[in-house]
Amino acid sequence: MKSGNYPGNPALSYVRALLGAHLAALRTAWRDADRGASAVELAVITAIILAVALALLLVIKNFVHTEANKIHG
């Protein structure tokens with residue numbers, strides 16, 4: 001995958017920046033030997049954000065599909 005900005009898809013740029021920030025925090029925690037609660041909290045927060053994003057994607061996809069059927073049918 002080509003690195004850099006994605007002007008055609010702002011959602012992809014946002015997700016990439018969000019995950020990059022979380023990965024940077026995780027790398028810092030590992031480097032500082034702070035692998036306790038903060039790393040676990042970071043993993044849980046990231047998993048929750050991912051679950052919410054996937055749920056939102058499914059809602060939008062179903063909405064678009066329903067509206068497309070209304071237009072074509």
Side-chain angles (χ1 to χ4, degrees):
M1 179 181 257
K2 182 180 161 189
S3 63
N5 293 331
Y6 299 96
N9 194 346
L12 184 59
S13 296
Y14 176 75
V15 169
R16 188 174 158 106
L18 184 67
L19 290 176
H22 283 290
L23 286 173
L26 185 58
R27 282 189 201 109
T28 301
W30 277 343
R31 185 179 56 236
D32 294 341
D34 182 17
R35 299 182 196 180
S38 64
V40 173
E41 290 169 0
L42 182 62
V44 169
I45 290 169
T46 303
I48 291 170
I49 290 171
L50 180 61
V52 169
L54 288 175
L56 185 59
L57 176 67
L58 289 174
V59 168
I60 292 171
K61 181 180 176 185
N62 287 336
F63 177 77
V64 169
H65 183 69
T66 302
E67 294 301 315
N69 285 340
K70 287 181 184 177
I71 292 171
H72 293 294

Would Leu23 end up clustered with Leu42 when hydrophobic side chains under 4.5 Å apart are linked, directly or stepwise?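 No, no single cluster joins them.
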
Do Leu57 and Ile48 sit in one hydrophobic cluster, given that two such residues count as connected whenever their side-chain heavy atoms are within less than 4.5 Å of each other, even indirectly?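 No, no single cluster joins them.
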
Let me confirm one number: the CZ-CG distance from Arg16 to Leu18, rounded to the nearest 0.5 Å.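 Result: 13.0 Å between the selected atoms.
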
Distance in Å, Thr46 OG1 paired with Leu19 CG, rounded so as to fall on 0.5 Å steps: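 These two atoms lie 7.0 Å from each other.
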
